[in-house]
Amino acid sequence: MLGVSLEGRDVLLVGGGAVTARRLRRLLDDGARPRVVAPEVSDEVGALIAAHGVAWLPRTFRLADVEGAWLVHTATGDPRVDLEVAAACERSRTLCVNASDGAHGTARLTADTRFGDVVVGVVSDAGVDPRRTARVRDAIGLQLASGRLPLRRGRETAGGRVDLVGGGPGPVDLMTVRARRLLAEADVVIADRLGPARALLPELDPDVLVVDVGKAPGHHPVPQEEINRLLVEHALAGRRVVRLKGGDPFVLGRGGEEVAACLAAGVPVEVVPGPSSAISVPQAAGIPVTHRGVAAALHIVNGQGPVTEATLAALADDGSTTVFLMGVAALERIMSAALAHGVPSDRPVAIVESGHTPQQRTTRTTLGRAVADARAAGVSNPAVIVVGDVARAGLLLPDPELAGDTTT
C-alpha cells in the first residue's frame with residue numbers, strides 16, 4: 001500500500017452520483033484537480049462543481065478522457081461502463097478505482113482518519129468491505145483522539161513550535177481532542193499546577209521532558225519571564241513544546257504574554273482553547289453564569305487585583321453576574337468594597353471549591369454574610385466566587401444538596 005499525494009494533480013471521475021459526490025469532496029480536500037465526465041450529475045455533485053470550479057464534461061465516457069490523469073475513479077452505476085474505464089486505464093498504465101467492483105481496479109481508496117499531520121488509512125487486501133474498513137478506521141480514530149497512540153516524532157526536525165493548551169477545570173475528558181493530540185506529540189510539556197496535569201503527565205512517554213511551573217497563591221517559584229524563556233529555548237532547539245494550562249490560556253492565564261514572547265523570538269505558536277473555570281466550575285454546581293430573565297451579562301475578575309469601578313458597576317447591576325477567580329484571600333476586601341458602593345447586602349453569592357472533582361463543595365451565602373460564612377466553612381483555594389442572582393439556591397436545582405452544596 002502506497003501513500004500517494006494528489007495535490008495539484010489531475011484526477012478523472014467518471015459518473016455523477018452519490019459515490020462520486022463523496023469522493024469528489026475528499027479529492028478537493030486533498031488539493032487534487034478533479035474533473036468529471038458524466039451525462040448528468042446529482043444535485044450534490046453539481047453543487048460541488050459550481051462551488052469549486054470543477055471541470056465537467058456532460059457526456060458519456062471516451063477513451064481519450066484518461067489521457068493526462070494521474071488517477072481515475074469510475075462510479076457510473078453500470079458495471080460494463082466501469083469495466084471499460086478500468087480497461088482503458090490498464091492500457092494507459094493509469095491507476096483506477098472501480099467503485100462497482102474493487103477487485104477489477106488497480107487502486108483502492110482507503111477509509112482514512114486524520115489527526116494533525118498523521119493520516120491512517122484502512123484497506124483490505126482480500127475483497128472490498130467498506131463497512132468493516134470504516135469500523136476499523138473509526139476505532140483507530142477514537143484511540144488517536146484519546147492521546148493514547150504514539151504520535152511523537154522519531155526524527156528531530158529543524159523547526160520547533162509552541163502550543164498553548166487550555167486544559168479546562170481538571171477532568172481529562174473535558175479537554176479538546178486537539179489538546180490531547182498535541183500532548184501525545186509533545187517533546188516538552190511545561191505544566192501549571194491546576195487543570196488536568198496531575199492525571200495526564202504520568203501517561204506521557206518517559207523521555208518527554210516535563211517542567212513544573214505551577215503557581216500557588218503568594219508562591220510563584222518560576223517567574224513568568226523564565227517561563228517565556230523556557231518556551232522559546234526549547235522551541236528554537238527544534239522541540240515541540242506544549243504549555244499546559246488550567247482553564248483557558250487567554251482567561252487570566254497570561255497566555256497573551258507567552259504568545260508575544262514566542263512571536264518576538266520567531267517561534268511558531270498557536271493557542272488551543274479550554275473550558276474556563278469562570279464558566280465551567282459554576283456549571284458543575286448547577287449555576288449558569290447567564291440565564292434568561294435573570295442575568296444577561298458576565299463580568300470576570302482577577303480577585304487578586306484591585307476592585308475597579310467597572311467591577312463595582314457589575315456587582316451593582318441586577319442583570320449581571322460577576323465571577324472572581326483567585327479571590328479567596330481577597331474575599332473580605334471585595335465584599336467590603338461592594339457594600340461600600342451600595343451593592344445590596346442580600347445579593348446572592350456562591351463559592352465553588354475544587355469544581356469538577358470529588359472534593360467539590362459549594363457554599364451559598366449573600367454579599368453581607370459571605371466573609372463570615374466562608375470563614376465558618378473553611379473555604380480554601382482553588383475556588384470560584386459567583387456574585388449575582390444566578391447564584392441563589394433553587395434557581396435550577398430545587399435541592400442544593402444535589403449540587404453537593406453547603407447552603408448558609
Check: residues 159-180 side-chain donor-acceptor pairs under 3.5 Å, at least two apart:
unit_1, atom_1, unit_2, atom_2, d
R161, NE, D163, OD2, 3.0
R161, NH2, D163, OD1, 3.0
T176, OG1, A179, N, 3.0
R180, NH1, S146, O, 3.4
R180, NH2, S146, O, 2.4

Would you tabulate the side-chain donor-acceptor contacts of residues 260-286 under 3.5 Å, counting partners in other chains and residues two or more places apart, or write 'none'?
unit_1, atom_1, unit_2, atom_2, d
S276, OG, A278, N, 3.1
S280, OG, S276, O, 2.9

Show the atom names and distances, to 0.1 Å, of all donor-acceptor pairs under 3.5 Å that link a side chain in residues 316-328 to residues at least two apart or in another chain.
unit_1, atom_1, unit_2, atom_2, d
D317, OD1, G319, N, 2.9
D317, OD2, S320, OG, 2.7
D318, OD1, R347, NH1, 3.0
D318, OD1, R347, NH2, 3.2
T321, OG1, V289, O, 2.7

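Nearest approach of A391 to V349, heavy atoms of both residues: CB-C, 4.0 Å. Considering all non-hydrogen atoms of both residues, I351 and A374 come closest at CD1-CB, 4.0 Å. Nearest heavy atoms, V14 versus T20: O-OG1, 4.2 Å. For the residue pair R33 and G8, the shortest heavy atom distance occurs at NE-O, 2.9 Å. Across all their heavy atoms, L312 and V307 have their closest contact at CD2-CG1, 3.6 Å. Annotation for D192 and G246: closest pair OD2-N, 4.0 Å, computed over non-hydrogen atoms.
Distance check: E225 CD to N228 CG gives 6.5 Å after rounding to the nearest 0.5 Å. R93 contributes atom CZ, which lies 12.5 Å from atom OG1 of T106 (distance to the nearest 0.5 angstrom). Atom-to-atom distance recorded for H73:NE2 and L27:CG is 8.0 Å, nearest 0.5 angstrom. Taking CG of L24 as the start and NE2 of H52 as the end, the distance is 7.5 Å to the nearest 0.5 Å. With rounding to the nearest 0.5 Å, the separation of CD in Q143 from CD1 in I140 is 9.0 Å. Atoms NE2 and CG, on H234 and D187 in that order, are 10.5 Å from each other to the nearest 0.5 Å.
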Practice task
Could you check E353 against Q359 for side-chain contact (heavy atoms from CB on, under 4.5 Å), going step by step and ending with a plain yes or no?
Solution key: CA-CA 8 Å; E353 301 169 78; Q359 292 75 40; over 6 Å; no
Practice task
Give the C-alpha distance, both sets of side-chain angles, the deciding distance and a yes or no for side-chain contact (heavy atoms from CB on, under 4.5 Å) between N98 and L83.
Solution key: CA-CA 8 Å; N98 182 350; L83 282 174; 4.1 Å; yes
Problem - Residues D373, R364; criterion salt bridge (Lys or Arg N to Asp or Glu O under 4.0 Å); working and verdict - result: CA-CA 9 Å; D373 289 342; R364 295 184 189 263; over 6 Å; no
Practice task
Evaluate the criterion side-chain contact (heavy atoms from CB on, under 4.5 Å) for residue pair L395 and D389; output intermediate values, then yes/no.
Solution key: CA-CA 8 Å; L395 177 66; D389 282 350; over 6 Å; no
Handout entry: T110/T133 under side-chain contact (heavy atoms from CB on, under 4.5 Å): CA gap, chis, key distance, verdict
Key = CA-CA 8 Å; T110 63; T133 54; over 6 Å; no
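Donor-acceptor pairing under 3.5 Å is recorded for the side chains of T94 and S92.
In W56, the CH2 atom is crowded: over 12 heavy atoms of neighbouring residues, nucleotides or ligands sit closer than 6.0 Å. Within a 6.0 Å sphere centred on CZ of R333, heavy atoms belonging to other residues, nucleotides or ligands number more than 12. Enclosure of atom CG in D43 is not indicated, since only 12 or fewer non-hydrogen atoms of other residues, nucleotides or ligands lie within 6.0 angstrom. Annotation: E90, atom CD; neighbour count of heavy atoms from other residues, nucleotides and ligands within 6.0 Å does not exceed 12. The neighbour count for E332 CD, taken as heavy atoms of other residues, nucleotides or ligands under 6.0 Å away, does not exceed 12.
Within the 4.5 Å cutoff, the side chain of L109 has no heavy atoms near those of the V123 side chain. Between V208 and V189, some side-chain heavy-atom pair lies under the 4.5 Å cut-off. Considering only heavy atoms from C-beta on, I190 stays 4.5 Å or farther from V242 through its side chain. Put simply, the side chain of V120 reaches to within 4.5 Å of the side chain of L144, judged on heavy atoms. Within the 4.5 Å cutoff, side-chain heavy atoms of L6 are placed close to those of L71. In this structure, the side chains of V36 and V41 come closer than 4.5 Å at one or more pairs of heavy atoms. Contact annotation: the side chain of V72 never approaches that of V11 to less than 4.5 Å [non-hydrogen atoms, C-beta and beyond]. Taking 4.5 Å as the limit, some side-chain heavy atom of I227 sits within range of a side-chain heavy atom of R243.
S380 pairs by the side-chain hydrogen bond (donor to acceptor under 3.5 Å, both in side chains) definition with nothing, not counting sequence neighbours. Applying the side-chain hydrogen bond (donor to acceptor under 3.5 Å, both in side chains) criterion to T76, with sequence neighbours excluded, gives D82. Judged as a side-chain hydrogen bond (donor to acceptor under 3.5 Å, both in side chains), and not counting sequence neighbours, the contacts of D10 are R35.
A salt bridge links D30 with R114: the distance from a Lys NZ or Arg NE/NH1/NH2 to an Asp or Glu carboxylate oxygen falls below 4.0 Å. A salt bridge links E185 with R181: at least one charged nitrogen is closer than 4.0 Å to a carboxylate oxygen. Note on D65 versus R59: salt bridge recorded, some NZ/NE/NH1/NH2 to OD/OE distance being below 4.0 Å. Checked for salt-bridge contact, R25 and E44 meet the test: a charged N lies under 4.0 Å from a carboxylate O. Comment: R193 does not engage D212 in a salt bridge, judged by the lack of any side-chain N to carboxylate O separation of less than 4.0 angstrom.
Of the possible donor and acceptor atoms, none in the side chain of D205 sits under 3.5 Å from a partner among the backbone N and O of D207. Judged by distance alone, with hydrogens and angles left aside, the side-chain atoms of Q360 form a donor-acceptor pair with the main-chain N or O of H356 at under 3.5 Å. The backbone N or O of V352 sits nowhere less than 3.5 Å from a side-chain atom of R361 that would complete a donor-acceptor pair. Side chain of S42 to main chain of V45: a donor-acceptor pair is present (N/O by atom type, distance under 3.5 Å, no hydrogens or angles).
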